[in-house]
**Student:** 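Pasting in a structure now, in structure tokens, and then I'll have a few things to ask.
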Number of protein chains: 2
Amino acid sequence: MSEAPRPGRAADVTNPKPPMRESLVAAAFQLFVERGYEETTVDDIVALAGVGRRSFFRYFPSKEDVVFPDHEGCLAEMTAFLRDSGPTHEPVGRVCDAARLVLRMYAENPAFSVQRYRLTRKVPGLRTYELSVVWRYERALAEYLRGRFAGLRDGTLRADVIAAAVVAAHNNGLRSWLRSGGRSDARAEVDHALTHVQQAFGPDHAPGADPTREPAREPGSDASRAEDRNTGRDADRHADRDDDVVVVVSRRGAPLWRVVQEIETALGRDSD
Amino acid sequence: MSEAPRPGRAADVTNPKPPMRESLVAAAFQLFVERGYEETTVDDIVALAGVGRRSFFRYFPSKEDVVFPDHEGCLAEMTAFLRDSGPTHEPVGRVCDAARLVLRMYAENPAFSVQRYRLTRKVPGLRTYELSVVWRYERALAEYLRGRFAGLRDGTLRADVIAAAVVAAHNNGLRSWLRSGGRSDARAEVDHALTHVQQAFGPDHAPGADPTREPAREPGSDASRAEDRNTGRDADRHADRDDDVVVVVSRRGAPLWRVVQEIETALGRDSD
DNA sequence: CCGAACAGGGAACTGAGTGCCATGGGGCAT
DNA sequence: ATGCCCCATGGCACTCAGTTCCCTGTTCGG
């Protein structure tokens, strides 16, 4: 009863649920799979949905947007997830968890996701549009990492490269799942792929270290399951790290603040 | 004369030089910088170029294509470069060299590249189009790596991740150069960025061991290192790559040889 | 000299996306 | 209850990208 199903209330991103959107998406996908994306005009969609043409463009800025109706909200969710991250979170693991949010969105509607995947495979215009969507995710990850790596040597470079690698790994696992028709284990595939990246770029970053070595840690970490952003799970990394040995190799005359910074990022902790 | 200046001869990518293309590109860019991309219609362009509207779409499949007139040829060049690679080439280094082909294309016309960069920054439609172009480069690299990694554990995953990382690093350096207005040392910036990736993914991790490449950094590229905002001026930072700080985190209980190996790789030496 | 081939031009059409205004219903104040 | 206002929707007309069809001139080959 505390929940008022008022549709006009829509100020929040997660809230607005006028059936208009839903019926437009449904009508659009029905026609897209029936006769193809490019062979379907917006007029066809609104005719089937029984609404005016002008209303379509009130709910979707373009015809392509109707194919990705949930990404805007997911991007907002990811941005919030990263914004609410504390300085104690290990950066690379954090962006991996952020990527898992996207996977979760796909996994919520397997049938829909697979249908959409087949569409985007075929239609170049949709593929391009998907690229722009993925790019925004990647930029969100990179911006977060840039903040975490600020002041570090090659900080923005590292941020950009890691963000790209995480997105590529995530997409590799995701597409493998989509190709299987949604029958394989999406979580496992993506976790495996992300672990791969974490081994190459993680805090115990050993350049050239072969990812074929043992996984240091169980992959299925936090956020995939996490409805909660605020559980104090910050400390379990700390416990996990306690039995590590830290070797610091420092150049003679290197400023001390730099040494401290490197150690901090390596451990994923913060000095304050 | 073996050279026939016939314009209709155009079967080769490097050959076709009908002035039509050139004048269209010139007219388009003049208007784009004058009054903006979206404020310029195709009719404006063809009017300035003094040709018929239909001819525009004979030379460019879309309005966006006129902004990237050279990428099609560059992609073909890259594809050929990778196709002609032998099994003796180190894969990661090879895709880095392939990426350098793109840089070279940009560097051939600095003024043009910078102008275009400023355009694509502003116009979302062009940014999206550029993403699709970059995506094709990335796919070319990934396909090559997939071939080289075929049969390996997680071969396609590694291929995709490395391709994404190489592209991200290349773009990081490239954009840094573009942001400088084409005044910094593009080669040095991109080399530095790519070296970064090679250190993370190179098989034997031998950064300086590749005899085909010059030393990655020369002292003249100080401007390119402007990102170092804290400017550790006390330390001459061009001292080869084990300057600053390297941190190695190892698990307690790990065999000592592994710790030593990690330190060695962190320092950029070979373990054997 | 004739015709095939082809580069270019032009008119008309489709379809996406936008601006403007009318309508209609539901809440709110008087 | 009445009148007012907000806002969601619908309808119309317009711009512009991209395409289809067809016309025109030139050039080359017979």
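Note: hydrogens, waters and symmetry copies are ignored here, and every other heavy atom, side chains too, is used. In what follows, chains carry the letters A, B, and so on, assigned in the order in which the sequence lines appear, proteins first and then strands, with residues in each chain numbered from 1.
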**Student:** Less than 6.0 angstrom from the centroid, inside 45 degrees of the normal: does B:Lys122 satisfy that with respect to the ring of B:Phe32?
**Tutor:** no
**Student:** Specify the residue among A:Arg58 and A:Tyr37 whose closest nucleotide of DNA chain C lies further upstream toward the 5′ end.
**Tutor:** A:Tyr37
**Student:** Return the value, rounded to whole Å, for the distance between atom CG of B:Leu24 and atom P of D:dG18.
**Tutor:** 14 Å
**Student:** Could you check whether A:Phe29 and A:Phe112 have their ring centres less than 6.0 Å apart?
**Tutor:** yes
**Student:** Among D:dC16, C:dA16, D:dG18, which is the nearest nucleotide to the side chain of B:Thr41?
**Tutor:** D:dC16
**Student:** When you measure from the side chain of B:Arg53, which nucleotide among D:dG10, D:dC16, D:dG18 comes out closest?
**Tutor:** D:dG18
**Student:** So which nucleotide from D:dT9, C:dA16, C:dA11 ends up closest to the side chain of A:Lys63?
**Tutor:** C:dA16
**Student:** Rounded off to whole Å, could you give me the CZ-to-P distance for the B:Phe56 and C:dG10 pair?
**Tutor:** 16 Å
**Student:** Rounded to whole angstroms, how far apart are CE on B:Met20 and P on C:dA7?
**Tutor:** 11 Å
**Student:** For the pair made of CD in A:Glu39 and C1' in C:dA16, what is the distance, rounded to whole Å?
**Tutor:** 15 Å
**Student:** On a heavy-atom basis, which atom in B:Arg94 and which in B:Ser85 lie closest, and how many Å separate them?
**Tutor:** NE-OG, 2.6 Å
**Student:** Counting heavy atoms from C-beta on, name the nucleotide in D:dA8, C:dA16, D:dT19 closest to the side chain of A:Tyr59.
**Tutor:** D:dA8
**Student:** Within the structure, does a side-chain N or O atom of B:Ser55 lie under 4.0 Å from either OP1 or OP2 of C:dG8?
**Tutor:** no
**Student:** Just to verify, which of B:Glu143, B:Glu138, B:Arg139 counts as forming a side-chain contact (heavy atoms from CB on, under 4.5 Å) with B:Asp160?
**Tutor:** B:Arg139
**Student:** For A:Glu38 and A:Arg54, take the nucleotide of DNA chain C holding the closest heavy atom to each; which residue's nucleotide lies nearer the 5' end?
**Tutor:** A:Glu38
**Student:** Begin with the C-alpha distance, continue with both residues' side-chain angles, and end with the deciding distance and a verdict on side-chain contact (heavy atoms from CB on, under 4.5 Å) for A:Phe81 and A:Leu101.
**Tutor:** CA-CA 9 Å; A:Phe81 177 79; A:Leu101 292 176; 3.7 Å; yes
**Student:** How long is the line joining CG of A:Leu126 and P of C:dA16, in whole Å?
**Tutor:** 12 Å
**Student:** Round to the nearest Å and state the distance from B:Phe57 atom CZ to C:dA12 atom C1'.
**Tutor:** 15 Å
**Student:** Send over the distance from A:Arg21 CZ to D:dA8 C1', rounded to a whole Å.
**Tutor:** 16 Å
